[in-house]
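These notes are about the structure you will find just below.
Numbers restart at 1 for each chain; the letters A, B, ... are given by sequence-line order, proteins then strands. Side chains included, hydrogens not; waters and symmetry mates left out as well; all remaining heavy atoms used. Treat the numbers as computed from the prediction; the structure is a model and nothing was measured.
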Amino acid sequence: MTGREAAARRRALVCVGPTVLALGALTVYPGVWVLWLSFQRRIPIFDVSRFAGFENYAFLAVDSRFWSAAHTTAVFTLGSVALEVVLGVAAALAIHAQQRGRKVSLSLLLLAWAMPAVVGAKLFEWLYHPAAGLINVALGRHAINWLGDPSVALPAVILADVWRTMPFVAILCYARLLAIPADVYEAAQVDGAGRIATLTRITLPLLGRILLLAVLFRTLDALRAFDIMFVLTGGGPAGTTETLTVYAYRALFQTLQLGFGSAVSVVVFALVMAVAWAYLRLLRTGTVAA
Amino acid sequence: MTARLRRSAWPLVLTVWLLAFGGCAAGPERGPVTLVFKYARILGNADPLPELLRAFEAAHPGVRVKGEALPWASDDQHQFYVINLEGRSPGFDVMMLDCIWVPEFARAGWLLDLTSHLQPDELAPYFPSAVASATYGGRVWALPWNFNVGLLYYRADLLAKYGLRPPETYEELVEQVRRVRAGERDPALDGYVWQGKQYEGLVVNVLEAFWANGARLLAEDGTVFPEPARAADALRFLRGLIETGVSPAWTTAADEELSRRAFGDGHAIFLRNWPYAMDLFEGKGSAVRGKVAFAPLPGRARGEPGAGSTGGAHLGVSSRSRHPDLAMALARHLTSESAQRAIALGAALSPARQALYRDAELVRSHPAMPRLQALALAGRPRPVTPYYLLLSATVQPEFSAALVGVKPPERAIADAGTRLAYFLRAVR
């Protein structure tokens with residue numbers, strides 16, 4: 001190693017140092033601490049603090065409420081992300097095809113995205129109101145028990161989430177659409193491609209990479225979903241809208257079981273990491289061409 | 001040049017930091033003492049609290065009282081207290097407490113033991129059930145402030161029309177719903193509305209059904225569900241109310257306000273709710289003004305007479321308050337008879353002191369108060385235990401599952417019992 005290389009390496013270490021320190025203090029340290037907590041029975045206000053090994057995890061393995069929350073989290077994530085992608089792409093295409101008033105459409109879309117999640121949830125609380133809600137008034141005699149029926153509540157929560165976050169997907173896709181050069185479409189036209197062929201052979205493949213990014217962001221968000229169900233249903237009825245993060249919140253902040261709640265949080269963390277890793281691999285191997 | 005400037009700036013930065021921290025550390029207070037009072041804003045036609053706090057300041061020269069608002073929802077208030085008290089940086093002296101937290105906070109060592117500060121008969125004017133919920137381990141930890149009890153509201157006009165008296169049992173209530181609805185032929189008229197959403201209110205409603213059926217959630221010796229068969233039967237009865245249409249399907253999503261509005265709009269015959277609703281039913285523009293009365297919650301035909309669950313707020317003193325005597329004086333001032341009268345007059349909150357229910361001025365503006373006193377006296381507290389929140393959070397989804405019919409009541413009770421046993425093993 002030449003002297004110059006060594007100096008460069010030293011400088012690099014100095015430059016990267018603050019970042020490593022900040023990440024270590026703000027991410028690694030709390031992360032390791034939560035992991036350590038999850039191996040304990042710790043309820044500080046009752047002076048309970050003892051090492052419990054895998055006790056918390058063993059209980060989770062047979063805990064029906066945990067598995068129900070895991071199931072709810074999976075259904076919520078798959079349902080909301082799938083709907084957001086389909087509707088988001090459709091909205092982006094629709095706006096792209098608009099001759100006039102694109103800015104108005106975009107602003108309206110962004111309005112929902114810009115709204116704080118809790119405000120959006122409160123809005124839907126009123127829409128879903130059994131007697132005075134706009135939806136049930138419109139349905140008249142066929143009114144639906146939106147937030148009180150165990151088979152309807154989760155779809156209702158997903159719908160509210162899709163309304164709020166679909167614009168995120170739509171805006172990303174719209175930006176990508178603007179970047180597709182016009183001559184690609186002209187060439188397709190010359191080659192005699194129809195509308196559907198243009199969509200499936202050109203537009204959608206070109207959207208692929210940005211969609212994968214949008215799906216990554218949305219999946220990670222959906223796996224950690226908390227606010228919308230917390231406001232709308234509090235996890236009910238029968239726990240059917242209780243996600244893993246709501247369960248973790250109840251354990252950590254409501255019943256103050258730091259050890260047990262940390263175990264739930266660790267599972268959520270592992271889940272999010274696994275999904276993020278899988279997506280990033282997919283992105284890097286470039287199975288989806290841009 | 002710039003490098004030198006930058007270097008020369010370091011002492012300045014250091015000085016600023018030192019000054020900032022030095023300022024924080026300059027501890028012992030000089031000048032006026034400031035007491036901080038944490039409370040949830042009181043709704044009503046006039047908030048009487050600012051005036052009550054000023055009155056305290058006038059009587060204690062050199063003392064300032066700062067009223068600080070808590071979040072609105074009870075869960076958020078609890079979280080606020082826990083984080084601040086566990087973090088050992090309370091920054092408040094007197095705190096408003098939901099009565100179900102008192103044993104928990106007392107056991108955690110966050111509340112000042114008031115027992116030795118009290119006069120011998122100081123708690124005699126309060127409802128015994130309010131005093132019971134402020135007491136833990138034989139010591140008193142808070143002063144009762146306002147008081148709540150579950151009531152059965154009914155449409156007096158409709159019952160009179162069919163020659164009916166308010167029901168004493170739930171079986172009678174079901175029969176009366178059938179008769180009134182058959183006569184009225186109004187598809188928009190629901191029978192009995194109550195709170196079945198998965199939250200604390202559901203636990204309150206189920207407990208009332210338990211008690212009417214001779215079941216409990218927690219026995220004195222710490223057993224959970226000491227009468228499991230009766231408890232399951234009570235849940236089955238509640239589920240039956242929804243299945244048979246006596247209660248609307250949306251009961252499973254109903255909280256206090258949702259059910260209060262349905263009844264207040266004239267769309268229900270019976271309602272279970274707290275005393276605050278009466279003022280709203282009698283208010284200007286109410287669709288049911290002059291048509292509403294209340295009675296004790298019904299019992300069961302072969303069970304026990306009904307009892308409403310009690311609730312309400314207490315005032316406690318933080319054990320880390322730097323002015324415990326002044327803080328105690330403030331709590332005493334705010335729970336005094338005149339303060340509770342002002343609060344009852346200005347806001348829709350019922351006092352915890354019994355004499356006020358026969359107070360001429362209050363009875364003039366709230367004619368139902370003497371009757372309310374009798375029902376409040378018969379009320380039962382929710383289990384008084386430091387683990388109440390754990391208990392409640394664990395049983396909520398199980399009770400809800402039984403109500404919406406996805407789990408047989410026996411299973412719901414058994415599952416809740418298993419989970420509670422696991423969690424309670426750790427803390428006992």
Given a strict heavy-atom distance threshold of 4.5 Å, which part of [X] is in contact with chain B: side chain, backbone, both, or neither?
X        : value
A:Leu232 : backbone
A:Phe260 : side chain
A:Ile43  : side chain
A:Glu55  : both
A:Asn136 : neither
A:Thr233 : backbone

Worksheet item: Do B:Arg107 and A:Asp47 sit within salt-bridge range, that is, some charged N less than 4.0 Å from a carboxylate O?
Response: no

Item to complete: Check step by step if side-chain contact (heavy atoms from CB on, under 4.5 Å) holds for A:Leu147 and B:Lys197.
Response: CA-CA 9 Å; A:Leu147 301 176; B:Lys197 180 182 168 173; over 6 Å; no

Worksheet item: How many angstroms lie between atom CD1 of B:Ile83 and atom CZ of A:Phe253, to the nearest 0.5 angstrom?
Response: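 The CZ atom of A:Phe253 is 5.5 Å from CD1 of B:Ile83, to the nearest 0.5 Å.
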
Worksheet item: Relative to chain B, which of A:Thr240, A:Ile144, A:Val48 shows the most heavy atom pairs under 4.5 Å?
Response: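 Among the listed options, the one with the most contacts to chain B is A:Val48.
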
Worksheet item: Of the listed residues (A:Gly234, A:Gly259, A:Ala132, A:Pro237), which shares the most heavy-atom pairs with chain B below a 4.5 Å separation?
Response: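 Looking at each of A:Gly234, A:Gly259, A:Ala132, A:Pro237 in turn, A:Pro237 comes out on top.
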
Worksheet item: Will you find, in the side chains of B:Thr252 and A:Asn145, an N or O donor that is under 3.5 Å from an N or O acceptor?
Response: yes

Item to complete: Check each atom of B:Ala262 against the heavy atoms of chain A and say whether the ones under 4.5 Å are side chain, backbone, both or neither.
Response: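 Contact with chain A: none, neither part.
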
Item to complete: Measure distances from B:Pro248 to the heavy atoms of chain A and classify the residue's part below 4.5 Å as side chain, backbone, both or neither.
Response: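 No part of B:Pro248 comes within 4.5 Å of chain A.
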
Item to complete: Could you tell me how the ring of B:Phe423 sits relative to the ring of A:Phe59: parallel (under 30°), tilted (30 to 60°) or perpendicular (over 60°)?
Response: perpendicular

Practice prompt. Give a yes or no on whether A:Leu134 atom CG has more than 12 heavy-atom contacts from other residues, nucleotides or ligands under 6.0 Å away.
Written response: no

Item to complete: May I ask you to check whether over 12 heavy atoms, not counting those of A:Phe39, lie within 6.0 Å of atom CZ?
Response: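 Buried by this count: over 12 neighbours within 6.0 Å.
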
Item to complete: Kindly indicate, with the supporting measurements, whether the criterion side-chain contact (heavy atoms from CB on, under 4.5 Å) is fulfilled by B:Glu104 and A:Leu256.
Response: CA-CA 11 Å; B:Glu104 178 189 354; A:Leu256 311 166; 3.3 Å; yes

Discussion item. Do A:Pro130 and B:Leu258 have side chains that approach each other closer than 4.5 Å (heavy atoms only, starting at C-beta)?
Written reply: yes

Practice prompt. Using the ring of B:Tyr199 (Phe, Tyr or Trp, six-membered ring only), decide whether A:Arg250 places NZ or CZ under 6.0 Å from its centre and within 45 degrees of its axis.
Written response: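 Judged by the rule, A:Arg250 and B:Tyr199 form no cation-pi pair.
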
Worksheet item: Any donor and acceptor pair, going by atom type alone, linking the side chain of A:Gln254 with main-chain N or O of B:Leu389 inside 3.5 Å?
Response: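 Flag not set: sc A:Gln254 to bb B:Leu389 has no pair under 3.5 Å.
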
